[in-house]
Amino acid sequence: MKKHLAVIACCLLLHVLRAQQAIVSLSDTGGTVISKLIYGHFAEHLGRCIYDGFYRNGKIRMDIVSALKKIQVPVLRWPGGCFADQYHWKDGIGDKSKRPVRINANWGMVKEDNSFGTDEYLQLCKLLSAEPYIAGNVGTGSPQELKDWVEYLNYQKKRNVSFVGIGNESWDCGGNMNAQFYSDQYKQFASFLPDYSGTRLKKIAVGPYKEDYQWTETVMKNIPSDKLWGLSLHYYVFMDGFGRKGSATEFSETEYFLSMKKTLFIDELISKHSAIMDKYDPQKKVALVVDEWGIWTDVEKGTNPDFLFQQNSLRDALIAATTLNIFNNHADRVKMANLAQTVNVLQALILTKGDSMLLTPTYYVFDMFKVHQDAKLLPLHIATPFYENANESVAAVSGSASMDSSGVTHITLVNIDAGKDVPVLLGNLHYTRIEGRILSSGSLNDINTFSNPSHLAAKDWKGFEKKENGTTVILPAKSVCLLTAFPK
Ligand code: AHR
C-alpha cells in the first residue's frame, strides 16, 4: 500500500513538474559536429530576390552583403528552385549587352535579362565568404550542358565549386518524373561530371517532398551511395497545403498553433527519411540536405502573386529557431540546409524597398544560432510542459546545445507557448560565467517595417540564475533564447 501511495505521489509530482516546469539536462559527451552548412541559404531568380534584391542597378548590394556576413552565411544555393530546370547558364556569361533576354516562365512570365549570371553569383559568394551550391538543369538541360558548366566553374575559372545539385524537384516543376526515372537520369548526368582541378564534386540528388518515403526508398536503392554526397528534402510550412496558405501577419492563435505543429513535424520527417537512408547507407555517409524550408504564406496585399513576397513576424522567428534546433539535433544526418529564400521571397532574412533594407526577425535567429556552426552537438534531454490549443497539444519547449572549439557551451531554447512563461531547470551545465540573448515581442504577429525597422531584434537577457541544483531559467512566452556558458 505504502509503495502504491509513493508511486501515486511521484506521478503527481511529475505531473506538476511537467505541467509547469521544463527540465533540461545536458549530456557532456558531445561527438557529432553540427555542420555549419545547416545555416545555409537559397536565392532563386524569383520575384525580387536577385533583381531589386541582391542585385540592384547592375551592382551587388553591399549593405545586404555586410548584413549577411555578420551571420556567417556558409553556403548559398542558386539559381533555383523551379527556375533551375529552365535555366541555361551560357545565357548568363560574357558581355552583358549581348546576353539574351528570356522569359521567366516559372515566376510571373517576367523578362530575365541574364545580367546576373554565373560570374556575378561567384562574386556574390566570394563577398559573402559563402560556398557556392549550383542547382543543375536536368529538366530542359543535358548532361553536356551541366558538364560544361562545371568545367567553366572549376577548370576555366578555378573556383572550386563542389556542391552540384542534379535537378530540382524533378517530381514536379523539374520534369514530373517518377523516382525510378529520376534516379536513372541522376546516374547519367552524374557520370559526366569530372573533378576538374582536383575539386571533389559533392553531388546532391533530388529527394522527396515531405513524406514521400517511396521516393527516398527508390532513389537510395537505385543510386549507389558512393555516387551520392547528399539527398535533398524540401519542406514548407503552409496552413493547408498550396490551397490556403494563410496571411503572414493576420493569423489567429489557432493558426499559429497549427503552423508550429507543422514546423515540429519536420523532426518526424527527418527521422523517417533517415531511417530509410540507413538501410542503404548505415554509416550515414550520405547527407540529408534540406535545401528548401520555411513558412510559405499568402503574398502581401498589392504585390505580384508570383513574386512570393511575404512579411516576416515573430512567428517566423519561432519557426526558424524550432527548425534549426531540430536540424542541430539531427546533425548526424542533416549536413546542409538552405532557408527559402534570402531576400524578399518567402521566409526572407532581408526585405528591401528601393535602396532601403530591413532585417527580419528570422535574421536575428540566424544571428543568435551562428554559434552552433561547426560546434560539437551536446545532446539535450528535455521534459517539457505542453502548449495546448483547441484540444491539441505540442511540446512548449525545444532546444539544442553545442560546445565550440574553445570549450564554450551554447544552448538555444524556444518556448512556443503563446501565453505562458515556462520555468526551466537546467542541469549538468558547468560554468563560471553565463550570458543570455533573447528575441521576443508583445504579439506573435509583430514585424519590422520600413518605418520601424528595429521593432524586433535580439537583446541581452538575464532571465536565469545559478542555484545549488542547477541553473533556473524563466523562458518568456513566445521567445527564442540563447545561453552562453563560459568554463572560465
Ligand atoms: O522556393 C520557391 C519554390 O518552391 C522553388 O522554386 C521550388 O523548388 C519549390 O517548389
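Side chains are part of it too, since the values below use all heavy atoms of this structure and drop only hydrogens, waters and symmetry mates. Both ligands and their constituent atoms are indexed starting at 1 by order of listing.
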Item to check | Close approach of Tyr236 to ligand 1, heavy atoms, under 4.0 angstrom | outcome: yes
Next on the checklist: Regarding Asp367 and Arg437, does a basic nitrogen lie under 4.0 Å from an acidic carboxylate oxygen?
Outcome noted: no
Checklist entry - Between Trp296 and ligand 1, which residue portion shows a heavy-atom distance shorter than 4.0 Å: side chain, backbone, both, or neither? => result side chain
Next on the checklist: Any donor-acceptor pair under 3.5 Å linking the side-chain atoms of Asn328 with those of Tyr39?
Outcome noted: yes
Next on the checklist: Less than 3.5 Å apart, any donor N or O on the side chain of Gln347 or Thr362 sitting next to an acceptor on the other?
Outcome noted: yes
Next on the checklist: Is it true that Asn160 and Thr199 share a donor-acceptor pair across their side chains at a distance under 3.5 Å?
Outcome noted: yes
Checklist entry - Counting heavy atoms only, which part of Asn168 comes closer than 4.0 Å to ligand 1: side chain, backbone, both or neither? => result side chain
Checklist entry - Where does the angle between the aromatic ring planes of Phe116 and Tyr51 fall among parallel (under 30°), tilted (30 to 60°) and perpendicular (over 60°)? => result perpendicular
Checklist entry - Would you say the side chains of Asp148 and Gln144 form a donor-acceptor pair under 3.5 Å? => result yes
Next on the checklist: Within the 4.0 Å heavy-atom shell around Cys82, which atoms of ligand 1 are there?
Outcome noted: 5 (C), 6 (O), 7 (C), 8 (O)
Checklist outcome for this item: Near Gln341 (heavy-atom distance under 4.0 Å), the atoms of ligand 1 are 1 (O), 2 (C)
Checklist entry - Against heavy atoms of Leu346, which atoms of ligand 1 measure under 4.0 Å? => result 1 (O), 2 (C)
Item to check | Atom indices of ligand 1 within 4.0 angstrom of Glu169 heavy atoms, with elements | outcome: 7 (C), 8 (O), 9 (C), 10 (O)
Checklist outcome for this item: For Phe42, the ligand 1 atoms with a heavy-atom partner under 4.0 Å come out as 1 (O)
Next on the checklist: Are any of the N/O atoms on His234, whether in the backbone or the side chain, positioned under 3.5 angstrom from an N/O atom of ligand 1?
Outcome noted: no
Checklist entry - Are side-chain N/O atoms of Thr352 and Asn344 paired as donor and acceptor at under 3.5 Å? => result yes
Checklist entry - What part of Trp107, side chain, backbone, both or neither, has a heavy atom within less than 4.0 angstrom of ligand 1? => result side chain
